[in-house]
Amino acid sequence: MFTERTGLIVWVTDLKAARNLERYGTVHYMSKRMLYVVLYVHTSRLEETMRQLQKQSYVKKVERSYRGEIKTEYNSNIPDKTRFYTL
């Protein structure tokens, strides 16, 4: 049902020109102050899209987001010390 998507951080020189990035994927966020765009693209077309983005004149750098690969399930091996601090 859902397609696999990967996030890209695209550093740009001009935000007006960065509006053209919508043709490569879904624009999630545009930072006016730091001049970057968070873009989601299909994972199957990731390498091809990165090459095309590098060719654009207004793009400084393209980075891949590793948010999907970060472990989000946490476990605590340290015992709970709250019972020692109760009155």
Side-chain angles (χ1 to χ4, degrees):
M1 183 170 163
F2 293 109
T3 59
E4 282 291 317
R5 298 188 310 165
T6 304
L8 291 177
I9 292 89
V10 183
W11 297 91
V12 295
T13 57
D14 184 24
L15 279 181
K16 278 193 175 183
R19 291 182 191 160
N20 294 329
L21 293 176
E22 291 180 350
R23 72 174 91 157
Y24 296 104
T26 305
V27 173
H28 180 71
Y29 180 73
M30 294 176 99
S31 173
K32 293 179 183 175
R33 190 170 132 239
M34 295 182 64
L35 295 175
Y36 72 89
V37 177
V38 178
L39 178 75
Y40 284 99
V41 297
H42 293 289
T43 305
S44 60
R45 293 182 284 190
L46 177 68
E47 296 299 323
E48 175 188 341
T49 306
M50 286 180 73
R51 276 193 307 258
Q52 290 175 353
L53 288 172
Q54 291 282 350
K55 292 178 184 177
Q56 301 300 321
S57 61
Y58 54 89
V59 173
K60 284 194 242 179
K61 182 169 64 168
V62 178
E63 296 178 358
R64 185 170 167 249
S65 174
Y66 293 101
R67 183 171 185 234
E69 299 173 10
I70 295 174
K71 181 179 144 186
T72 56
E73 296 177 10
Y74 306 105
N75 59 0
S76 176
N77 294 335
I78 302 170
D80 187 20
K81 295 184 180 179
T82 56
R83 63 185 169 128
F84 296 116
Y85 299 113
T86 58
L87 296 175

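Numbers here simply count residues along the sequence, with the first being 1. Computed from a predicted model, the values in this text were never measured in an experiment.
Going from atom CZ of Arg5 over to atom NE2 of His42 covers 8.5 Å, rounded to the nearest 0.5 Å. The line from CD of Glu22 to CE of Met30 is 7.5 Å long, rounded to the nearest 0.5 Å. In this structure, Arg67 CZ and Thr6 OG1 are separated by 12.5 Å, a value rounded to the nearest 0.5 Å.
Between Trp11 and Tyr36, the two ring planes are tilted [angle within 30° to 60°].
A pairwise comparison of heavy atoms in Ala18 and Val37 identifies CB-CG2, 4.0 Å as the closest pair. Listed here is the closest heavy atom pair of Leu21 and Val10: CD1-CG1, 4.2 Å. Heavy atoms only, all atoms of each residue included: Val12 and Lys60 are closest at O-CE, 3.4 Å. In this structure, Arg64 and Leu8 approach most closely via the heavy-atom pair CA-CD2, 4.0 Å. Nearest heavy-atom pair, Thr13 versus Leu35, reported as atom, atom and distance to 0.1 Å: O-CD1, 4.1 Å. When all heavy atoms are compared, the tightest approach of Val41 to Tyr24 is CG1-O, 3.4 Å.
Under a hydrophobic clustering in which Ile, Leu, Val, Met, Phe, Trp and Tyr are joined whenever their side-chain heavy atoms come within less than 4.5 Å, directly or via other members, Tyr40 and Val59 fall into different clusters. When hydrophobic clusters are built by joining Ile, Leu, Val, Met, Phe, Trp and Tyr residues whose side-chain heavy atoms come closer than 4.5 Å, directly or via intermediates, Val38 is not grouped with Leu15.
For the side-chain contact (heavy atoms from CB on, under 4.5 Å) with Leu39, the qualifying choice from Thr26, Leu53, Ile9 is Leu53, the only one to do so.
Surrounding CD of Glu69 are more than 12 heavy atoms belonging to other residues, nucleotides or ligands, all under 6.0 Å away.
Looking only at side-chain heavy atoms (C-beta outward), Gln54 and Met50 stay at 4.5 Å or farther from each other.
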